[in-house]
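Right, one structure below, let's go through it.
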Amino acid sequence: MPVSAADVQFVRELLQRRAAIQVDETKEYLIEMRLEQLAREVGIASIPDLVRQARGQKTIETRIVEAMTTHETSFFRDLHPFNLLKKEVLPQLVAARQTTRSLTIWSAACSSGQEAYSLSMLILENFPDLARWPVRIIGTDISEQIVAKAREGKFRQLDVNRGLPATLLVKYFEKIGAEWQLKPIVRSLVDFRQMNLLDTWNMPRPDIVFMRNVLIYFDQITKKNILVKLRGLIPKDGALFLGAAETATTIDDKWDRFANENATYYRVRP
Amino acid sequence: MRALVVDDSRATRTILKRALTAQGFEVFEAGDGRQALEELAKTGPVDLALVDWNMPVMTGYELIREVRARKDMDAMAIMMVTTESEATQVQKALEAGANEYVMKPFTDAVLKEKLILLGLA
């Protein structure tokens with residue numbers, strides 16, 4: 001299905017307006033690929049027809065934004081940040097929160113939920129005492145559709161094959177038909193909600209933020225705005241995890257960088 | 001690092017060998033559990049064994065039990081790579097001594113992530 005220059009331009013402007021996401025020329029193939037898939041899903045014959053309908057219908061417009069912003073994820077993706085969380089960040093925070101005994105972790109742009117559920121399993125496995133605290137893991141994503149999917153906690157074989165230790169698969173999942181369903185104990189720590197990072201952040205103050213491979217999609221001003229907003233939200237002893245190729249300090253110089261276990265996290269400079 | 005690929009399908013062995021070679025492994029092959037033990041007798045313990053479940057002569061499950069009964073193979077990481085995809089079978093393989101489990105079909109990314117979990121990539 002070919003996509004015209006005018007349609008590409010429409011999608012680029014739409015993504016910039018609704019999600020502050022920039023799609024440069026090298027990523028035009030992605031527009032074609034994702035729109036082709038979406039057209040099939042919603043039963044529209046071609047990409048030009050899809051774009052024509054999006055120009056008049058908010059629902060189709062939203063579906064295009066959702067289709068373009070859904071990103072790849074896997075359980076314990078990149079592993080190292082989870083090791084750093086387990087060995088350094090969480091022990092420090094658990095010690096520091098002995099009086100308040102509550103902890104909130106935010107998995108931003110959580111997609112189908114693997115990161116949020118990995119955090120839940122990591123806590124259950126390594127910090128069983130935390131199960132008695134109010135521990136909240138909040139997963140947010142711009143796509144209502146993907147949030148609904150994440151909430152179900154059902155995964156395909158391909159998903160549980162990826163990055164998930166087999167010991168955790170047998171302990172925390174139940175096979176139902178061809179799918180693997182996460183057990184209630186893992187799901188009970190996680191709460192998913194739809195949220196656009198450009199809108200008001202309607203959520204409690206997170207002690208730990210996983211916002212990995214998210215900022216890369218935004219323009220410089222939006223990246224800075226998000227980091228400034230985060231600074232006002234994360235406590236001084238909290239931690240921000242970004243993607244391996246991302247950095248906070250060059251965008252907003254009010255963060256300190258900490259590296260260990262082949263991973264990095266950031267804290268608001270005191 | 002050295003790896004042994006045990007699968008009765010030559011095509012699967014080729015795929016696994018290519019993926020492991022790309023990760024820097026020297027790869028040996030065997031077509032069933034018995035051949036794997038013969039190969040290990042020649043090579044000595046390897047760092048990693050990728051083992052199919054259903055094979056003629058000696059199954060992957062029997063091979064794992066055999067290998068884990070031997071002290072000299074203690075440090076060898078074993079990953080089952082099989083079409084068997086029931087939770088009970090994953091559990092059974094882990095109890096027999098497998099360290100990781102991959103359900104076929106799989107991609108190179110799946111293998112890479114499992115190698116990372118095992119500290120081998």
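Note on naming: letters A, B, ... go to the chains in the order of the sequence lines (proteins, then strands), and numbering restarts at 1 for each one. In what follows, every heavy atom counts, from backbone to side chain, and hydrogens, waters and symmetry copies are set aside.
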What is the minimum heavy-atom distance between A/A166 and B/Y101, and which atoms define it?
CB-CB, 3.7 Å
Atom CZ of A/R151 with >12 non-hydrogen neighbours under 6.0 angstrom
yes
Check the surroundings of atom CZ in B/R34: do more than 12 heavy atoms from other residues, nucleotides or ligands lie under 6.0 Å from it?
no
Does any heavy atom of chain A fall under 4.5 Å from the side chain of B/L94, the backbone, both, or neither of them?
side chain
What is the distance from atom CZ of A/F76 to atom CG of B/L117, rounded to the nearest 0.5 Å?
8.5 Å
Measuring from atom NZ of A/K175 to atom OG1 of B/T88, what distance do you get when rounded to the nearest 0.5 angstrom?
9.0 Å
Under a 4.5 Å heavy-atom cutoff, which of A/L158, A/N161, A/V170 has the most pairs with chain B?
A/N161
Are B/M103 and A/L169 close enough that some pair of their side-chain heavy atoms sits under 4.5 Å apart?
yes
Polar side-chain atom of A/Q157 near backbone of B/K104 as donor-acceptor pair, under 3.5 Å:
yes
Does A/P165 offer a backbone N or O that forms a donor-acceptor pair with the side chain of B/K114 under 3.5 Å?
no
Portion of A/T167 that has a non-hydrogen atom of chain B nearer than 4.5 angstrom
both
